[in-house]
Protein chains: 2
Amino acid sequence: MTIGSNVESQGKCAQCGIRQSAFCTSADAHVRSEMERLSHIRTFKAGATILAEGEDMPIVGNVVSGVLRVQKTISDGRQQIVGLLLPPDMFGRVFAPLSPFAIEAATDVTLCCFPRPAFEKLLTAHRELEHRMLLTVLEELDAAREWMLMLGCQTVAERVASFLLILHRRFKDSCREADIGWARMYVEIPISRRDMAAYLGTTVETISRTIQTMARKNVIRMLDTRHFEIVDEKRMVKMSGREELAISADPLPSAMYGAH
Amino acid sequence: MTIGSNVESQGKCAQCGIRQSAFCTSADAHVRSEMERLSHIRTFKAGATILAEGEDMPIVGNVVSGVLRVQKTISDGRQQIVGLLLPPDMFGRVFAPLSPFAIEAATDVTLCCFPRPAFEKLLTAHRELEHRMLLTVLEELDAAREWMLMLGCQTVAERVASFLLILHRRFKDSCREADIGWARMYVEIPISRRDMAAYLGTTVETISRTIQTMARKNVIRMLDTRHFEIVDEKRMVKMSGREELAISADPLPSAMYGAH
DNA sequence: CGCCGTCTTGAGTCGCTTCAAGGGTAGTGG
DNA sequence: CCACTACCCTTGAAGCGACTCAAGACGGCG
């Protein structure tokens, strides 16, 4: 009855940009307020290490804005990005003492963090949260295996085309919201060429050549190094070698084509 | 008090070769007997399709003996194996109507099958089962990402070496049980060169050349096409480029190095 | 303006694939 | 028992996709 009786009307969650879609929506109101109490918002500069590979893992949470990369480095310096985390993805690994992969900020990021032990207690205390977590991890597993398919048996050109189509799909809705006329075929690459190479299992030079070739063939139009328009969707899909990535093929058969 | 009062002393589960280690051990006795009632043992010949890609998925279950491959084929025929399932691994995808990947028998197999809807009800009815499932899927995700690292930034020789070391590790315990003197360094490849190639993201020819080269260098000794002895573990680990795969490096930092 | 990091472009090289052929082994049927 | 087929594995030779190395162009920032 009094102003402020509704916790959610003023806490940090009230202004959260991902609150409609994040993990926490699967909890009911009083669990959400408990989560709000436990969480803290942190920001990191591009390049910062959130969790180091093989080290203790005090936090888990959600990406609120920006992009995280999940990666592993082998002793001679080669490294592979095994996942990109975009809002509202979760980061961190519950129920393991050490982080098997490094988590770093690919851009400036805002994160909603929970102490890992407290978050695990939440999962244990609330079935519906643990169930939602299971569904999330299952989809991540499907996505990881999709990516293995690309790394294992597709050419670099196919991987680049797939990546752009997946990015477009992932951001399509936000493009619509922005209500930009030509946005239907607009793609923003939120990461550097270096990270693209590490994600696609190739080198920056090859990435660059591939993109330039696609532009020269008028399959894409390059606005700047990170912004493109997909001019010829049909040929783009053909280049990706994956018919199921056709932009019109909506809705998805499952969420497995997220850009994880 | 009377003979036969213990359900588990005579049912099919009593003779199950994987009952000490399988998923079902996390359930208590009366849940196990319910699972026993729901399950049925089926066998398939090598090459048989258990679940087709993108089709309805009526069953899930455990591998009792033999090897399953989880794979995806793209339209032009290229295919990638994204997981190998060995006893006592689970196969199938809960909480999804369609199987995103094909599941086929890589060898003759024996499977313990559950109708998927019934199995999902079990998970929902018994927290501890769903929790165990979450842990299992998290480890599979870690393993899939490990594999992405190999596919994305290691050479074929490194992948083959890693694969053999992982296989050895996975079967080390069963070797010990068999009490064979030289078994400590013994490796059996349970699949064909063709499947190895599809798993390692290369071709049969390259697999063959790589193995022959390793044998010529006296890193391994070839007993027959599927049986090897690791003669020089140290060089083997060095070839794999992954120090953490050293056989002596026991116990594992986590279960993430299973041959999934 | 000059520095620096990122992206692009070129030339040479190499790892792996492709194509082609030969050998080994198991299963089949005469 | 052997011929015959079929499949798997091995080996060789040639070609190509991608990497490496090197240098230049672009853009942001002090």
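Throughout, protein chains are lettered first and strands after them, A, B, ... in sequence-line order, and every chain is numbered starting at 1.
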- Message: From CD1 of A/I189 over to C1' of C/dC7, roughly how many Å is that when rounded to an integer?
- Response: 12 Å
- Message: Counting the atoms with a prime plus P, OP1 and OP2 as sugar-phosphate, which does B/S192 contact under 4.0 Å by heavy atoms, base, sugar-phosphate, or nothing?
- Response: sugar-phosphate
- Report the nucleotide, chosen from D/dC9, D/dA18, D/dT11, that has the shortest atom-to-atom distance to any side-chain atom of B/E205. D/dT11
- Indicate, with a heavy-atom threshold strictly under 4.0 Å, whether A/T225 touches base, sugar-phosphate, or nothing. sugar-phosphate
- Item | Between C1' of C/dC7 and CD1 of A/I211, the distance in whole Å | 10 Å
- Query: Which of these nucleotides, C/dT9, C/dT17, C/dC7, is closest to any side-chain atom of A/R216?
  - Reply: C/dT9
- Side chain of B/R209: nearest nucleotide among C/dT18, D/dT10, C/dC16? C/dT18
- Item | Out of C/dC16, C/dT8, D/dA18, whichever nucleotide has its closest atom nearest the side chain of B/V156 | C/dC16
- If you check the A/T203 side chain, which of D/dT20, D/dT11, C/dT9 turns out closest? D/dT20
- Query: Taking CZ from B/F228 and P from D/dC9, how many angstroms apart are they, rounded to a whole number?
  - Reply: 10 Å
- Under 4.0 Å between a side-chain N or O of B/S208 and OP1 or OP2 of D/dC9? no
- Those residues at least two apart in sequence (or on a different chain) that pass ring pair (Phe, Tyr, Trp, His ring centres under 6.0 Å) with B/H40 are none
- Task: Can you measure from CD1 (B/I103) to CE (B/M57) and round to the nearest 0.5 angstrom?
- Result: 8.5 Å
- Query: Between C/dT6 atom P and A/R226 atom CZ, what is the distance in whole Å?
  - Reply: 10 Å
- Take atom CE of B/M196 and atom C1' of D/dC8, then tell me their distance rounded to the nearest Å. 14 Å
- How about A/R78: does its CZ atom have over 12 heavy atoms from other parts shown lying under 6.0 Å from it? yes
- Query: Does B/T202 place a side-chain N or O at less than 4.0 Å from the phosphate oxygens OP1/OP2 of C/dT17?
  - Reply: yes
- Compare side-chain N and O positions of B/R193 against OP1 and OP2 of D/dT10 and report whether any pair is under 4.0 Å apart. yes
- Task: Give the rounded distance in Å between these two atoms: CD of B/Q154 and C1' of D/dC19.
- Result: 16 Å
- Whole-Å distance separating the CG atom of B/D224 from the P atom of C/dA26: 10 Å
- Task: Quick one: label B/M222 by what it contacts on the DNA or RNA (base, sugar-phosphate, nothing), any heavy atom closer than 4.0 Å.
- Result: sugar-phosphate
- Query: Can you tell me how far C1' of C/dC7 sits from NE2 of A/H227, to the nearest Å?
  - Reply: 16 Å
- Considering residues, nucleotides and ligands other than A/R221, do more than 12 of their heavy atoms fall under 6.0 Å from its CZ? no
- Query: salt bridge (charged side-chain N to carboxylate O under 4.0 Å, His left out) with B/D56: which residues, sequence neighbours excluded?
  - Reply: none
